[in-house]
Number of protein chains: 2
Amino acid sequence: MQVDGARLMQLFLQSGGTKERDIACEQRCNRDPGSSLTASAKSIFRLLAEGNPSTRPQLGEVLNLSRPTMSAAMGELEQLGLVAKIGEVQGLIGRKAAIYRPGPQAGHVIAIDAGSTHVRLRVSTIDRRLLHSRVYRLPASQLLLGEEISRAVADEVSATLAETDDGWGPLRMIGIAVPSRVVGPQGDQNATRQEEIFSRFEPPADVPVVLENNVNCAAVAERSNGAAKDAETFAYVQIGLKIGMGVMLGGRLLRGRNGAAGEIGHLAFPMADGSRPIPGEIERYMGTEAFMQRVLATWPDSADSQPADAADLMARAGEGCATALAHVTRHAEDIGAIVASCVSVLDPGLVVLGGGLGGSSLLLPTVSDVANRLSYPVEVRTSTLGQDATVLGIEKLTCEQTVDLLLGERRD
Amino acid sequence: MQVDGARLMQLFLQSGGTKERDIACEQRCNRDPGSSLTASAKSIFRLLAEGNPSTRPQLGEVLNLSRPTMSAAMGELEQLGLVAKIGEVQGLIGRKAAIYRPGPQAGHVIAIDAGSTHVRLRVSTIDRRLLHSRVYRLPASQLLLGEEISRAVADEVSATLAETDDGWGPLRMIGIAVPSRVVGPQGDQNATRQEEIFSRFEPPADVPVVLENNVNCAAVAERSNGAAKDAETFAYVQIGLKIGMGVMLGGRLLRGRNGAAGEIGHLAFPMADGSRPIPGEIERYMGTEAFMQRVLATWPDSADSQPADAADLMARAGEGCATALAHVTRHAEDIGAIVASCVSVLDPGLVVLGGGLGGSSLLLPTVSDVANRLSYPVEVRTSTLGQDATVLGIEKLTCEQTVDLLLGERRD
DNA sequence: ATTTTTTTGTTAACTTGCCTAACATAATAA
DNA sequence: TTATTATGTTAGGCAAGTTAACAAAAAAAT
C-alpha cells in the first residue's frame, strides 16, 4: 500500500489545524487536551515530561511560580489526567510533599528504528519510561530492501498494538527513524526514499507519524542520553559502512532545506590542485568496504593472516598489531580531516564520533589531533551509546513532538 | 591605549545587569528606557524599528492587538519619546490615521567597517535612516597594520561626534566590523586579533560596543538589503584575497563556539587518497594571489599580454578572451567544489556569492552547476551589494542590538 | 446643509493569569 | 503538649490584555 504525497503531508502536518470545522472538535480536543491550559500549567507539564518526577515546591522553584499558581495549575492538569500523583516525600521536617509525573492521559508513543539490518521498537510514556520493546533482525538476504523493512515495521507495530495495556493511555504518536533524507514540503522530494517506509506499513488512523533521519536521531540520543549530555551545540559524526553527520545547534537539530544538512558523504572529494571532485566519492572512500580494500591490498604476506573484516582489524589494532594500527591511524587521519572541514563550517566546539568504526576509542587521539591542527579548537569524544542510539533518539524526538501536540504548540 | 580583557568584556556585556546597585539606576534607566514597557508596546517598537513608518491600524493588524491596547501602548511609547508621529494618512473614507516611527529618544548608532583598505562609517537611527556617513581610505603602505586601522577608526568617530546633531538623540551603540574572528567569553581567545581595534581607539564611556566579523556582516546585509532579501536561511560565500563564509540560519547568524563558523579557509585541503591536508592551505590556494600565479604560469606568449591583476583577468574573460575565460571557469569549478562542501554540511538552499572575485556574474553558472552536481539542490546567486555590504551589515546588527538593549531584552 | 456611513481613537467594564498575604494542614523537634 | 517548619489553599489585588460602547473626523448620500 503506497502512501501518496498528500497522505504523507497529512501525516506530517496532522494536529496543526485550529481552523477545522466544529465536527472535528471532539476528536481534536482528545488529541490535544492541553491546548487550553494556562502558560504555567504548560510549563509544568513540559518539565515533568523531561522525565524527573517532581514535587510542587521543586517545580515552583525551577519555574518561578508561586504556590497558589502551582495549586491552580496542578488542578488543571490533574483534572485532564495529564499529571498524576505517584507518591509523597518527607523532608527533614514539615509536611510531606506530593510527587507528580505525567498521568495516563499523557499517553504513550511508539519509536521505531527502521534500519537496514534491524528494526528496533520502543514503546514508552512521554516522560520516556519504557513500557515495551522489541527487536527484529532482518534476514541478511534482504538487506536494503525497502519493502521488507516496511513489512517488518508493520509486523512489529501490529504485535505491539496487540499487547497494548490499558494503563498506557492513548497512543499519541509514532516516530520512525529511516536511513534516508527526510524532506519537508518545500524541499527537494526527489531521490529521497522516505516514502518507502509506508509501502507495506499503514499507521493507525489518527495517529500522527514523524519521520527523522537515523543519524540525526543518533545525535539527539547522544545529547539526551550519551556523550553530549552537557552540550547544547555539537556535531555527531558517524563513520561506518557509510558516513554521515547530525548537527545540533542550541538544542535543535539542523535539518536543512532538503533534509540534507550533515550529509558529509557529499563533501567535495578528491579536492586538490589539478583534481576534480566526484559526487559521493568521499562516502565511498571512507566507507568500510573501500577502507578494507585498501588495507588488504597492502597487507604483508609475512604478517598474520589478513583481517576478516573491519571489526577484526580494529581488534588486532587494539591488541598491538603494528600493521593494523598503522591502517587504523591512517583512517583516523582521514576522519580527522573530515571533522576539520565540518568544524571549519560549524565551529561546534564538540564533536562526538560514532558508528561502526567511529565508535572505537582507538581513533580518538588521532582524530582530535588532526582536527585541531587543521581547524579551530574542538573537543572530540567517542559515543557512549551502542546500537540503541538511533531508537533512543527517535523516541526522544517523538516524545518532544507529542508534548508540543498535547499542548497545542507546534514547534517545527 | 590597550583595552584589556576585563574592559572588553564590559563592552560586550554592558547593559545586561539588572542586579546593579541603585546608584546606577538613573544611568541605567536612561540606557534602557523601555525595559518596563508592556509586551505589546515592546512589540510595536520592534516593528517600527524595522524601518516602515506605520499607522496604529496597520500595527494592530500585524500584531493582533486591539485598538484600546494600541492606545495604551502608544501612550507609553510617546511618553518616553520612543515613538513620534510623523504625519497622517487619509484613506478612501473615514478619519485620518496617524503615522508613527521611532522617536528621538530611540537615539542613533554608529556603524563602522574597519577594513584593511577602507574605514567606512555610517550614522543612522535605529530604523536605519542614514544621518551621516564617511569613508576613509587607508594609505596602501599601511595595509593590515592593526594600529593604523584603530587610529583611523578613532579619528572618524571623533569627527563624527563633533558633527553630532541634537536631533539625532542619544548615541546608543557603536558597532564595528572587523576582519578577524570575534569570540565570546567561553570561546578560544588566542589567535584572534579582535582587541587590536581598541589599540588606538577608546569608545566613549557608557556607549556599548559590538564587534562582528566582516564576512558575517556582509551576510547580514545580503539578507536585509541584498540578494537574500527573501531568505531566512542561506550562506554567503566570499571569494577574494581570502575566502570566508557567513551563515544565516532562520534569520540568525551562526557564530560557533570560537567565532569560527564559516571559516572555510580551513576546510581540509588538499584532500585526496594518499595526500594529507595542510592547515589554511585552501585559503592560500583559492586566494587571488595564488590564483593569479597559476594563471600567469600558463599564460601563452602568443596571446595578449599577461593580465595585470585579477580584475583585468575578469574583464578580459568578460570580453571573450578564451584563455582568460578558461582560467575563470577553472576557478569557478573550485569555488563550486567549496560551495558543495558547505551545502553538504548546511543544506542552506541558497548560496550568495560575493567578494572581489565571487561577485562576478561570470562565475555563477559554473559554480551553480558544480555545486548542484556534487551535492544537494541549491540556488546560487551573485551579491547585489557593492563595497557597502559590510558597513550595512554591521549597521543592521547594531540597530538590532540597540533595540534589544532599549527594551531590556538581551538576545545573544 | 444635513444626515449617513466609515474609519480612527478613547473610555468603561470585564477576564485571565499571575502575584502576595494570610490561613490551614501535617509533619518533626522541643 | 507546644513550637517550628514545610506544604498547600483561600482571599484579595494587580497588570495587561479583551469586548462593547461611545466620541471624533472624514467622505458619501440625501
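Remember, predicted model here, so these are calculated numbers, not experimental data.
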> Base, sugar-phosphate, or nothing for A/S40, non-hydrogen atoms under 4.0 angstrom?
Replying inline: sugar-phosphate
>> Rounding to an integer number of Å, can you tell me how far A/Q58 CD sits from D/dG8 C1'?
In response: 15 Å
> Does B/T69 put a side-chain nitrogen or oxygen below 4.0 Å from OP1 or OP2 of D/dT18?
Replying inline: yes
>> The side chain of B/I93 is closest to which nucleotide in this list: D/dA27, C/dT8, C/dC19?
In response: D/dA27
> If each of A/Q90 and A/L37 is mapped to the nucleotide of DNA chain C with the nearest heavy atom, which maps nearer the 5' terminus, i.e. the 5' end?
Replying inline: A/L37
>> Heavy-atom count check: over 12 atoms from other residues, nucleotides or ligands less than 6.0 Å from A/E61 CD?
In response: no
>> Expressed as a whole number of angstroms, how long is the span from A/L65:CG to C/dT20:C1'?
In response: 14 Å
>> Using a 3.5 Å distance criterion without hydrogens, assess whether the side chain of A/E76 forms a donor-acceptor pair with backbone atoms of A/T38.
In response: yes
> Whole-Å distance between C/dC18 P and A/L63 CG?
Replying inline: 11 Å
>> A quick test of your reading: do over 12 heavy atoms of other residues, nucleotides or ligands sit less than 6.0 Å from CG of A/L92?
In response: no
> Is the shortest side-chain N/O distance from A/K96 to OP1 or OP2 of C/dA26 below 4.0 Å?
Replying inline: no
> Got a donor-acceptor pair under 3.5 Å from the side chain of A/R95 to the base of C/dT25?
Replying inline: yes
> When you match A/P68 and A/L92 each to their closest nucleotide on DNA chain C, which lands nearer the 5' end?
Replying inline: A/P68
>> Could you check whether any side-chain N or O of A/R172 sits under 3.5 Å from a backbone N or O of A/Q105, counting only pairs where one atom can act as donor and the other as acceptor?
In response: yes
> For C/dT25, does OP1 or OP2 lie under 4.0 Å from any side-chain N or O of A/R67?
Replying inline: no
>> Rounding to an integer number of Å, can you tell me how far A/K42 NZ sits from C/dC18 P?
In response: 11 Å
> Looking only at side-chain N and O atoms, does B/T38 come under 4.0 Å of OP1 or OP2 in D/dG17?
Replying inline: yes
>> Please determine whether a side-chain nitrogen or oxygen atom of A/S66 lies at a distance below 4.0 Å from atom OP1 or OP2 of C/dT20.
In response: no
>> On the nucleotide C/dG9, are OP1 or OP2 found under 4.0 Å from the side-chain N or O atoms that B/S71 carries?
In response: no
> A/M70 CE to D/dT10 P: how many Å, rounded?
Replying inline: 15 Å
> Nearest-Å distance, CG (B/L77) to P (D/dA16)?
Replying inline: 13 Å
> Expressed in angstrom and rounded to an integer, what is the separation of A/L59 atom CG from C/dC18 atom P?
Replying inline: 14 Å
>> Any base atoms under 4.0 Å from A/A72, or only sugar-phosphate, or nothing? Heavy atoms, all strands.
In response: nothing
> Just checking, is any N or O donor in the side chain of B/T69 or B/S66 under 3.5 Å from an acceptor N or O on the other one?
Replying inline: yes
> Rounded to the Å, how far apart are B/I99 CD1 and C/dG9 C1'?
Replying inline: 16 Å
